[in-house]
Amino acid sequence: GHYGRGCLHSTSHHGKKIARNRQKHQQKGAPSDLPFNTSPKMYKAVEKYQWVILGVAVVLLVLVYMQFHPQVMRIYRHFAGHNVTSAATKKGPFDFFIMSLQWPGSACQFSSRGACADGGKRLSDAGFTIQGFRPAIAGSAQPSTCAAPAGESLPKFKLEDLSSVLPSLHLLWPSLGKLSDKAVYQQEWERYGTCAISTHPKPLDFFKAALTAREHVDLLSAL
């Protein structure tokens with residue numbers, strides 16, 4: 001008797017508390033179908049950044065696709081100049097290229113420099129743009145800033161040597177940050193292109209391979 005009345009009183013009190021919280025959230029503008037304990041500030045934050053969250057989710061899906069799709073992996077192996085599964089045919093000190101792509105529409109939400117100065121409008125037809133094209137060794141750390149073979153010197157980066165592919169580079173591999181396009185290309189060559197000189201001995205060869213790989217990877221169609 002007394003125990004039962006205590007439980008009934010406790011349940012009734014809890015129900016009134018839920019109703020008061022729900023009414024309070026409705027008065028602050030939160031949708032009525034939200035759980036009673038959802039913070040209005042949290043809801044507004046999610047609403048404000050929903051496109052950023054969606055963009056991150058798309059990028060993660062793309063990365064998973066690139067990692068496991070056999071056609072993409074065949075492209076990587078082809079442009080590395082050898083078959084990654086056969087050590088006997090290895091032609092260079094790396095196994096394959098890893099190409100990183102980015103979606104300008106999302107990147108330009110956090111930058112107003114480089115190609116993002118106009119909000120990324122000039123890249124509206126580019127689709128995913130290149131963020132990096134780097135040689136990799138299976139099961140090992142990614143090589144960078146490699147030295148020249150004994151008795152040889154590394155080719156110097158000169159932007160004029162890329163004149164035949166510059167229009168495509170500006171469109172498909174633009175800087176979306178504080179660095180100029182030229183600075184990005186020079187940095188990528190000196191850090192990563194120098195590790196691929198066994199198969200791509202000149203900067204032009206390296207950037208041509210990156211553009212060709214990008215043309216073969218149509219992620220928008222895959223999505």
Side-chain angles (χ1 to χ4, degrees), residues 25 28-35 37-69 71-73 75-76 79 97-136 142 144 157 159 162 165-193 206-223:
H25 284 214
K28 292 185 177 181
S32 58
D33 58 344
L34 282 176
N37 60 345
T38 301
S39 168
K41 292 183 178 179
M42 182 182 297
Y43 167 76
K44 291 180 180 179
V46 172
E47 185 180 45
K48 180 178 180 180
Y49 296 106
Q50 60 181 330
W51 291 111
V52 176
I53 296 172
L54 179 61
V56 171
V58 170
V59 170
L60 290 175
L61 288 173
V62 168
L63 291 176
V64 171
Y65 172 83
M66 292 177 64
Q67 181 68 26
F68 296 106
H69 196 284
Q71 182 179 0
V72 176
M73 293 307 297
I75 292 172
Y76 291 160
F79 288 107
F97 279 112
I98 295 178
M99 183 172 63
S100 304
L101 301 178
Q102 58 190 347
W103 184 251
S106 296
C108 288
Q109 290 189 20
F110 304 96
S111 173
S112 60
R113 301 181 178 183
C116 291
D118 64 350
K121 292 180 180 178
R122 78 172 178 86
L123 303 176
S124 58
D125 296 328
F128 284 92
T129 60
I130 301 172
Q131 192 273 333
F133 187 67
R134 299 161 186 178
Q142 188 179 75
S144 64
F157 176 87
L159 189 65
L162 306 180
V165 295
L166 270 182
S168 295
L169 281 176
H170 288 316
L171 178 65
L172 297 176
W173 197 341
S175 170
L176 302 182
K178 62 182 180 180
L179 296 179
S180 65
D181 284 4
K182 176 184 177 181
V184 168
Y185 305 150
Q186 182 170 355
Q187 176 178 278
E188 288 295 312
W189 167 253
E190 293 176 351
R191 287 186 181 177
Y192 305 106
F206 174 74
F207 288 103
K208 275 186 174 180
L211 291 172
T212 304
R214 166 60 183 78
E215 291 172 1
H216 280 74
V217 181
D218 189 358
L219 293 181
L220 288 179
S221 295
L223 296 174

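Residue numbers run from 1 in the order of the sequence given. If you're wondering where the values come from, they're calculated on a predicted model, not measured in any experiment.
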If you compare all heavy atoms of [X] against all heavy atoms of [Y], which two are closest, and at what distance to 0.1 Å?
X      : Y      : result
Gln102 : Ile130 : NE2-O, 3.8 Å
Pro104 : Gly127 : CD-O, 3.3 Å
Gln131 : Glu188 : O-OE2, 4.3 Å
Pro135 : Phe97  : N-CD2, 3.5 Å

May I ask you to decide if the ring planes of Phe133 and Phe206 are parallel, tilted or perpendicular, using 30° and 60° as cut-offs?
-> tilted
Rounded to the nearest 0.5 Å, what separation is found between the CZ atom of Phe157 and the NZ atom of Lys182?
-> 7.0 Å
Residues forming a side chain to side chain contact (heavy atoms under 4.5 Å, CB included) with Glu190, sequence neighbours excluded = Gln186
Output all residues satisfying side chain to side chain contact (heavy atoms under 4.5 Å, CB included) with Trp103, sequence neighbours left out; order by chain, then residue number.
-> Ser106, Phe128, Leu220
Report all side-chain donor-acceptor pairs from residues 167-178 shorter than 3.5 Å, counting only partners two or more places apart or in another chain.
from: His170; atom 1: ND1; to: Asp181; atom 2: OD2; distance (Å): 2.7
from: Ser175; atom 1: OG; to: Gly177; atom 2: N; distance (Å): 3.4
from: Ser175; atom 1: OG; to: Leu179; atom 2: O; distance (Å): 2.4

